[in-house]
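Position 1 is the first residue of the sequence; numbering continues from there.
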Amino acid sequence: MRLTVNGVEHNVLSPPLTILLDVLRDELAVTSPKAGCLQGGCGACTVLVDGEPRRACLLPVAALEDAEISTVEGLGDADELSTVQAAFHEHYAAQCGFCTSGFLMATEALVARSDGDVEREEIIEALSGHICRCTGYVNIVEAIKAAAK
């Protein structure tokens, strides 16, 4: 089966019912999606599948033939952060970092479909199901507002 991850096409050898999270981390060495609750409730494993946020812990790889998968590794790098990564950095929106990749990917999708201005309610909706145990979400919301502009 074929998957395109961060613009690179891969032939996946894992069995069809292997979850995307395991394929990314174990077979393709893409480690930004984290194994949190493994039930789709925490958001730490969020990736973009054809531009839409999805929980990698719930997706069997067989359902993703020819899909475009995006992870944090595809956003930017240390020398040139993406707009969303830069906003999270500038607004101190990450603490321990475990949940950050899921928040970044959900934010990427929100910013991509916004018209440059995102209401607080839209942000809260986009982040529903993303859990951060370190912050009060205030800086995360501010970072998302900044990234959308």
Side-chain angles (χ1 to χ4, degrees), residues 1-77 81-89 91 93-114 118-148:
M1 115 170 295
R2 287 187 321 251
L3 283 181
T4 301
V5 179
N6 299 322
V8 178
E9 190 172 298
H10 298 275
N11 286 316
V12 174
L13 303 175
S14 295
L17 294 180
T18 305
I19 60 171
L20 176 61
L21 181 63
D22 290 344
V23 170
L24 291 172
R25 293 183 63 82
D26 299 338
E27 188 171 336
L28 303 180
V30 175
T31 58
S32 67
K34 303 296 186 251
C37 68
L38 296 175
Q39 297 175 349
C42 73
C45 67
T46 301
V47 299
L48 300 184
V49 177
D50 296 327
E52 291 298 317
R54 298 286 181 254
R55 303 298 202 259
C57 72
L58 298 178
L59 292 171
V61 74
L64 302 169
E65 179 81 34
D66 295 321
E68 293 274 341
I69 312 296
S70 300
T71 69
V72 171
E73 288 85 350
L75 296 181
D77 58 42
L81 298 175
S82 74
T83 300
V84 169
Q85 289 171 312
F88 270 64
H89 175 72
H91 291 270
Q95 287 188 19
C96 84
F98 189 83
C99 66
T100 305
S101 62
F103 278 101
L104 288 169
M105 298 316 293
T107 301
E108 277 290 324
L110 176 62
V111 168
R113 67 178 177 261
S114 76
V118 180
E119 297 297 322
R120 181 171 166 49
E121 294 75 29
E122 291 176 274
I123 294 170
I124 300 303
E125 177 66 27
L127 298 183
S128 64
H130 287 266
I131 298 171
C132 177
R133 293 190 166 105
C134 298
T135 71
Y137 298 90
V138 172
N139 292 357
I140 294 170
V141 171
E142 292 304 313
I144 295 170
K145 284 182 177 178

What salt bridge (Lys or Arg N to Asp or Glu O under 4.0 Å) pairs are there with at least one residue in residues 6-26, not counting sequence neighbours?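 Residue pairs with at least one partner in residues 6-26: Arg2-Glu9.
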Calculate, to the nearest 0.5 Å, the distance between atoms [atom1] and [atom2] belonging to [X] and [Y] respectively.
X      : Y      : atom1 : atom2 : answer
Asp66  : Thr4   : CG    : OG1   : 7.0 Å
Glu108 : Arg113 : CD    : CZ    : 11.5 Å
Ser114 : Lys145 : OG    : NZ    : 13.5 Å

Pairs flagged by side-chain hydrogen bond (donor to acceptor under 3.5 Å, both in side chains) wherever residues 31-45 is involved - sequence neighbours left out: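 Listed by first then second residue: Ser32-Glu73.
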Let me check something: any side-chain donor-acceptor pairs from residues 132-140 under 3.5 Å, sequence neighbours excluded? List them with distances.
unit_1, atom_1, unit_2, atom_2, d
Thr135, OG1, Tyr137, N, 3.2
Tyr137, OH, His130, O, 3.4
Tyr137, OH, Cys132, N, 2.8
Tyr137, OH, Cys132, O, 3.4
Asn139, ND2, His91, O, 3.4
Asn139, ND2, Tyr92, O, 3.2

Looking only at heavy atoms, what is the nearest atom pair of [X] and [Y], with distance?
X      : Y      : value
Ile144 : Leu127 : CD1-CD1, 3.7 Å
Glu27  : Leu13  : OE2-N, 2.6 Å
Ala147 : Ala87  : CB-CB, 3.8 Å
Ser101 : Val72  : CB-CG2, 3.5 Å
Asp77  : Gln85  : N-OE1, 4.5 Å
Thr71  : Pro33  : CG2-CG, 4.1 Å

Partner residues of Thr100 under the side chain to side chain contact (heavy atoms under 4.5 Å, CB included) criterion, sequence neighbours left out: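 Thr100 satisfies side chain to side chain contact (heavy atoms under 4.5 Å, CB included) with Phe88, Ala94, Leu104 once adjacent residues are dropped.
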With side chains defined as the heavy atoms from C-beta onward, is the minimum distance between [X] and [Y] less than 4.5 Å?
X      : Y      : answer
Val118 : Val111 : no
Ser70  : Asn6   : yes
Leu64  : Leu20  : yes

Show the atom names and distances, to 0.1 Å, of all donor-acceptor pairs under 3.5 Å that link a side chain in residues 44-54 to residues at least two apart or in another chain.
unit_1, atom_1, unit_2, atom_2, d
Thr46, OG1, Gly43, O, 2.8
Thr46, OG1, Arg55, NH1, 3.4
Asp50, OD1, Glu68, N, 2.9

With Glu125 via side chain to side chain donor-acceptor pair (under 3.5 Å) - residues at least two apart: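 So Glu125 forms no side chain to side chain donor-acceptor pair (under 3.5 Å) with any residue.
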